[in-house]
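Okay, so here's the structure we're looking at.
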Amino acid sequence: MAEWTGVPLSALLDRAGVSDGAVEVVLEGADQGEPTSDPKPPGKISFARSLPIAKAQQPDVVVAYQMNGRNLAPEHGFPLRAVVPGHYGMASVKWLTGIRVIQEPFQGYWQTTDYAYWDRSMAHAVRKPLQDMLIKSVIMRPAIREVVPAGRPYRIAGAAWT
């Protein structure tokens, strides 16, 4: 577990001023590469992800410059990285080079093609970015259809992971 030191992203947004029509905040990183799986864009692209404006304004979303009381090491995103609790790791963009507030949903490659899933809950499947970390869990005890004795201690067992 890491302890992060930085500035709440919300403080930066407040200082810069956010227009009423803002929908997302794009975090841009210095790392770039050339995707190898189809559909792939031509050439190298920089890593960028967005957060919904409501998430970006939560006080626990931080632009960090230290981890565990020390300046960030290059492998952890020196000089600055985002830390986005409750979201999958790719939302915590490393090597920050820019933060943009936009008025429409971000359509970057790492948002729509990679690190995205097909939401089939509607009549037509829609591609959505991975965001909130989903907890997966299993209860191993009591077993399905096992009768738990009344009035006696019983140990429940299981596992949960994200």
Side-chain angles (χ1 to χ4, degrees), residues 1-37 40-41 43-119 126-141 155-162:
M1 187 160 186
E3 181 179 302
W4 302 99
T5 303
V7 177
L9 178 56
S10 61
L12 298 174
L13 296 173
D14 288 347
R15 183 152 186 160
V18 175
S19 66
D20 290 339
V23 234
E24 294 184 355
V25 175
V26 179
L27 304 170
E28 299 170 346
D31 51 333
Q32 56 179 251
E34 199 166 331
T36 56
S37 53
K40 58 185 174 184
K44 289 184 178 181
I45 56 171
S46 294
F47 189 81
R49 291 280 300 182
S50 72
L51 298 172
I53 193 73
K55 178 67 178 180
Q57 292 176 321
Q58 291 180 356
D60 61 346
V61 176
V62 173
V63 174
Y65 54 86
Q66 287 188 336
M67 183 175 96
N68 298 330
R70 303 184 109 158
N71 288 343
L72 289 173
E75 63 269 20
H76 292 294
F78 176 84
L80 296 171
R81 71 166 298 154
V83 177
V84 185
H87 276 220
Y88 290 103
M90 72 290 249
S92 294
V93 177
K94 296 179 181 179
W95 310 291
L96 279 175
T97 59
I99 299 171
R100 292 184 294 127
V101 177
I102 59 175
Q103 308 224 350
E104 67 282 329
F106 181 58
Q107 297 298 310
Y109 177 85
W110 305 108
Q111 189 90 8
T112 58
T113 303
D114 210 339
Y115 302 124
Y117 69 99
W118 287 104
D119 180 356
V126 177
R127 194 81 168 147
K128 290 189 176 178
L130 289 172
Q131 292 182 336
D132 292 328
M133 217 181 276
L134 302 175
I135 298 173
K136 299 171 184 83
S137 63
V138 63
I139 295 176
M140 297 177 298
R141 185 168 183 234
R155 185 177 299 259
I156 297 172
W161 62 97
T162 60

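All of these numbers come straight from a predicted model, not from anything done at the bench.
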Between side-chain atoms of residues 3-16 and protein atoms elsewhere (two or more places apart, or another chain), which donor-acceptor pairs fall under 3.5 Å?
none

Rounded to the nearest 0.5 Å, the CD atom of Q32 sits from the CD atom of E34 at a distance of 10.0 Å
Gap separating the OH atom of Y88 from the CG atom of L130, nearest 0.5 angstrom | 6.5 Å
Among residues two or more places apart or on two chains, list those pairs meeting side chain to side chain donor-acceptor pair (under 3.5 Å) that have a residue in residues 90-105.
-> S19-Q103, E28-R100
Give every residue pair that meets the side chain to side chain donor-acceptor pair (under 3.5 Å) criterion with at least one member in residues 51-62, sequence neighbours excluded.
-> K55-Q58
Below 4.5 Å, heavy atoms only, C-beta onward: do [X] and [Y] meet side chain to side chain?
| X | Y | answer |
| --- | --- | --- |
| V84 | L51 | yes |
| L27 | R49 | no |
| L80 | L72 | no |
| I53 | E24 | no |
| Y109 | D114 | yes |

Under the side chain to side chain contact (heavy atoms under 4.5 Å, CB included) criterion, do L96 and V63 qualify, and how do the steps go?
-> CA-CA 9 Å; L96 279 175; V63 174; 4.0 Å; yes
Which heavy-atom pair separates [X] from [Y] by the least distance, and what is that distance?
| X | Y | answer |
| --- | --- | --- |
| A82 | A91 | CB-O, 4.2 Å |
| P129 | Y117 | O-CE2, 3.7 Å |
| I45 | P41 | CD1-CG, 3.9 Å |

Partners meeting ring pair (Phe, Tyr, Trp, His ring centres under 6.0 Å) with F47 (sequence neighbours left out) | W110
Neighbour count above 12 (heavy atom, 6.0 Å) for F78 CZ | no
Check whether any side-chain N or O of R141 sits under 3.5 Å from a backbone N or O of R155 as a donor-acceptor pair, and report yes or no.
-> yes
Taken in chain and number order and not counting sequence neighbours, the residues that satisfy side chain to side chain donor-acceptor pair (under 3.5 Å) with R127 are none
Taking side chain to side chain donor-acceptor pair (under 3.5 Å) as the test, write out the residues that go with D132, two or more places apart.
-> H87
